[in-house]
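Structure first, then comments.
Quick note: residue numbers are just sequence positions, from 1. Order of listing sets the numbers, starting from 1, for every ligand and every atom in it.
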Amino acid sequence: MKFTTLLSKLSLLVLVLCLSCNSEKKEAPSTKNYVKEIHSFANPNESVIKHLDLNINVDFDSETINGIATYDIENTNAKEIILDTKFLEIDQVTADGATTEFSLGEFNEQLGQPLHIKISNDTKQIAVTYKTTNKTEALQWLNAQQTADKDHPFLFTQGQAILTRTWIPIQDSPQIRITYDATVKVPSELMAVMSAKNPTQKTTDGRYSFKMEQPIPPYLMALAVGDIVYKPISERTGVYAEKTLIDKAHYEFGDMEKMVVAAEQLYGDYDWDQFDVIVLPPSFPFGGMENPRLTFATPTIIAGDRSLTSLIAHELAHSWSGNLVTNATWNDFWLNEGFTVYFEIRIMEALYGKDRANMIALISRQDLDEELEGFENEPEATKLKLDLEGKNPDDGMNSIAYDKGYLFLRTLEETVGRDTFDAFLKSYFETNAFSTVTTEQFVAYLKSNLLEPNAVTFNLDEWIYQPGVPSNQAIITSDKFTNAENTLKTFLESDTIDTSLTTDWTTLEWVHFIRNFPETMTSEAMAKLDKAFDLSHATNSHIAMVWFEQAINHDYHGNGVDETIESFLTTVGRRWYVNTLFKAFKRNDRVADALAIYKKSRQNYHSVTANTIDELLDYKP
Ligand code: BES
Ligand code: ZN
């Protein structure tokens with residue numbers, strides 16, 4: 001459904017409601033019922049932000065952002081409005097233009113500090129003058145050396161899950177939705193882009209204006225500033241990157257328009273008008289982040305052969321699952337990620353066929369087994385519906401949401417049939433567009449719109465509220481992977497590798513082949529493979545990562561692999577890669593080697609990666 005259609009439906013609804021309500025009720029608050037939120041200090045049932053006008057200055061010298069965040073608010077007789085902040089300096093607050101009282105509450109390690117702002121019944125607008133500090137967790141300030149072109153500094157933000165409050169004072173719960181305008185001043189040689197309507201060219205004065213007309217949750221507020229250029233792929237898709245990367249990126253993501261078309265055919269119109277991707281410097285802590293209209297991506301997916309672009313399908317899928325229909329709390333995170341993996345794999349199937357889709361699905365299935373094994377002593381963490389009370393959501397959110405979430409939805413699909421399931425998902429996105437859903441609401445919706453009408457019984461509670469994987473799980477197989485397994489088996493038995501068997505392998509087959517090395521594999525056998533394929537210098541980041549992991553597992557040091565591991569870890573900050581490799585060091589009793597690298601590489605990592613590795617290696621900076 002188009003956003004404008006939604007608006008007209010909403011106004012119709014309001015009209016109908018008002019016709020049936022008496023005059024006292026007209027005064028009733030228009031705020032909805034927000035569920036209890038453990039990761040925000042805000043009290044949106046009393047007073048809530050609706051629109052943000054952000055006016056900021058990005059200062060690379062002091063590595064701070066300063067400015068004014070002005071909010072239109074809705075208030076139901078509350079005497080105060082509470083915003084979330086963390087490591088922000090608050091200079092002044094006004095209510096409808098007049099200075100008002102404010103106070104910062106006690107600091108909580110995970111959540112930061114509530115900002116209490118005094119308002120009156122009829123306050124319509126508040127404005128907060130603030131500055132970020134050097135403790136900010138969302139921002140990563142990079143020097144020229146840490147970029148691709150090595151000419152200019154770079155800045156990017158990462159909001160999910162609860163980091164937006166470290167660069168904007170805000171009601172930082174996924175249940176909140178705001179539209180925003182922004183004016184951002186940056187050094188004139190740089191360009192600024194946001195999760196909003198974006199420029200495609202630099203301005204002469206470094207001043208940029210942005211508009212996000214669809215209401216979004218605060219974790220999707222995003223900003224990147226650097227010496228970047230834009231190259232369109234289609235009328236509504238394109239890439240931003242530094243100059244030396246732009247053509248490579250443009251080729252790599254060449255199928256983006258086709259992906260949007262396939263996604264729309266599956267689950268309805270793309271509601272965000274534009275779908276662009278920005279390639280960030282290699283320290284970006286994620287593969288991708290689904291900031292609306294502008295996905296943020298790691299350069300490690302630029303492989304030269306479009307083999308790692310399922311990540312783009314994934315972030316695109318979030319335009320429905322996550323950005324349009326949002327998890328109400330971080331305990332419901334699987335509603336964002338499980339649906340997105342399912343949708344990602346469907347997009348990949350539509351573009352490239354079942355073989356590729358099944359390989360991605362089977363890798364997810366294997367990741368799930370690995371994650372389940374890792375949580376052997378913590379079965380609670382393997383439930384789809386989480387309980388993150390007292391935890392930083394960033395520590396509590398693991399790949400169970402992705403991989404068990406996917407398996408659950410695939411099992412449902414196979415149970416009810418694909419056509420029925422697709423119709424259900426389409427209506428789910430349409431019905432809940434621009435709002436949030438709790439796990440319980442989803443369960444109710446699923447029962448009354450899929451299971452009951454089709455007279456299907458399904459062990460929903462077991463899947464969602466119990467640990468582990470129920471026995472009625474879909475079985476995923478891949479001939480391509482079986483073939484790769486056979487090649488490995490023959491190699492191990494004969495000690496010779498027939499390189500002609502691998503010439504048509506895709507990245508996924510290589511990844512599977514390498515991940516399947518048995519524990520008993522010798523470093524001599526690894527040397528043989530390395531000699532045949534030079535895997536220690538693989539240019540594909542995913543192949544390199546799994547090979548490095550095996551080198552660490554099997555005590556293999558040939559062909560300069562120790563040096564390439566070190567240089568990989570000091571340039572790439574993608575948490576999944578970095579964490580996998582440091583975990584391998586730890587598992588193999590090589591913490592000292594890990595620490596020697598980490599002491600050099602840590603300065604290149606964004607806070608979310610550094611926090612994870614600090615904890616893993618018990619490192620105190
Ligand atoms: N939204 C996530 C990234 C995220 C999750 C950031 C939780 C902060 C907290 C993004 O869509 C994602 O899942 N990225 C994956 C990509 C993948 C599964 C294809 C990644 O970065 O590896
Ligand atoms: Zn995701």
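The CG atom of Asn291 lies 10.5 Å from the OG atom of Ser319; values are rounded to the nearest 0.5 Å. To the nearest 0.5 Å, the span separating CG on Asp367 from CG on Leu372 amounts to 11.0 Å.
Put simply, the residue from Met289, Gln160, Met212 that forms a side chain to side chain contact (heavy atoms under 4.5 Å, CB included) with Leu220 is Met289. Only one option out of Asp172, Leu52, Leu163 pairs with Met221 in a side chain to side chain contact (heavy atoms under 4.5 Å, CB included); it is Leu52.
Evaluated by nearest non-hydrogen atom to atom 16 (C) of ligand 1, the leading choice among Glu315, Glu344, Gln160 is Glu315.
Among the atoms of Ala161, none of the N or O lies under 3.5 angstrom from an N or O of ligand 1. Taking only nitrogen or oxygen atoms, main chain and side chain alike, Glu290 reaches within less than 3.5 Å of ligand 1. When only interatomic distances are considered, the shortest N/O to N/O separation between Asp394 and ligand 1 does not fall below 3.5 Å. Polar contact check, His314 against ligand 1: a nitrogen or oxygen pair lies under 3.5 Å apart. Where the criterion is an N or O separation shorter than 3.5 Å, residue side chain and backbone included, Gly287 meets it with respect to ligand 1.
With 3.5 Å as the limit, one finds no donor-acceptor pair spanning the side chains of Asn108 and Gln110. Residues Asp369 and Gln366 bring no donor and acceptor atom of their side chains to less than 3.5 Å of each other. Between the side chains of Thr295 and Glu290, no donor-acceptor pair of N or O atoms lies under 3.5 Å.
Not a single heavy atom of Tyr219 sits under 4.0 Å from any atom of ligand 1. Residue contact annotation: Arg575 has no non-hydrogen atom under 4.0 Å from ligand 1.
Glu337 contributes OE1 as its N, O or S atom closest to the Zn ion (ligand 2).
With ligand atoms numbered from 1 in the order given, ligand 1 contributes 6 (C), 8 (C) to contacts under 4.0 Å with heavy atoms of Gln158.
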Step by step, would you call His606 with Phe286 a ring pair (Phe, Tyr, Trp, His ring centres under 6.0 Å)? CA-CA 10 Å; His606 184 275; Phe286 296 102; 7.8 Å; no
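Computed with the Zn ion (ligand 2) at the centre, the His318 NE2 to His314 NE2 angle is 100°, stated to 10 degrees.
Distance from atom 13 (O) of ligand 1 to its nearest protein heavy atom, with residue and atom name: Tyr402 OH, 2.7 Å. The nearest protein atom to atom 2 (C) of ligand 1, hydrogens excluded, is given as Glu337 OE2, 3.3 Å; this is a heavy-atom distance. Counting protein heavy atoms only, atom 10 (C) of ligand 1 is closest to Gly288 O, 3.2 Å. Protein heavy atom at the shortest distance from atom 7 (C) of ligand 1 is Met397 CE, 3.5 Å.
Looking at Thr411, its side chain does come within 3.5 Å of a backbone N or O of Leu407 through a donor-acceptor pair.
Heavy atoms of other residues, nucleotides or ligands lying less than 6.0 angstrom from NZ of Lys480 number 12 at most.
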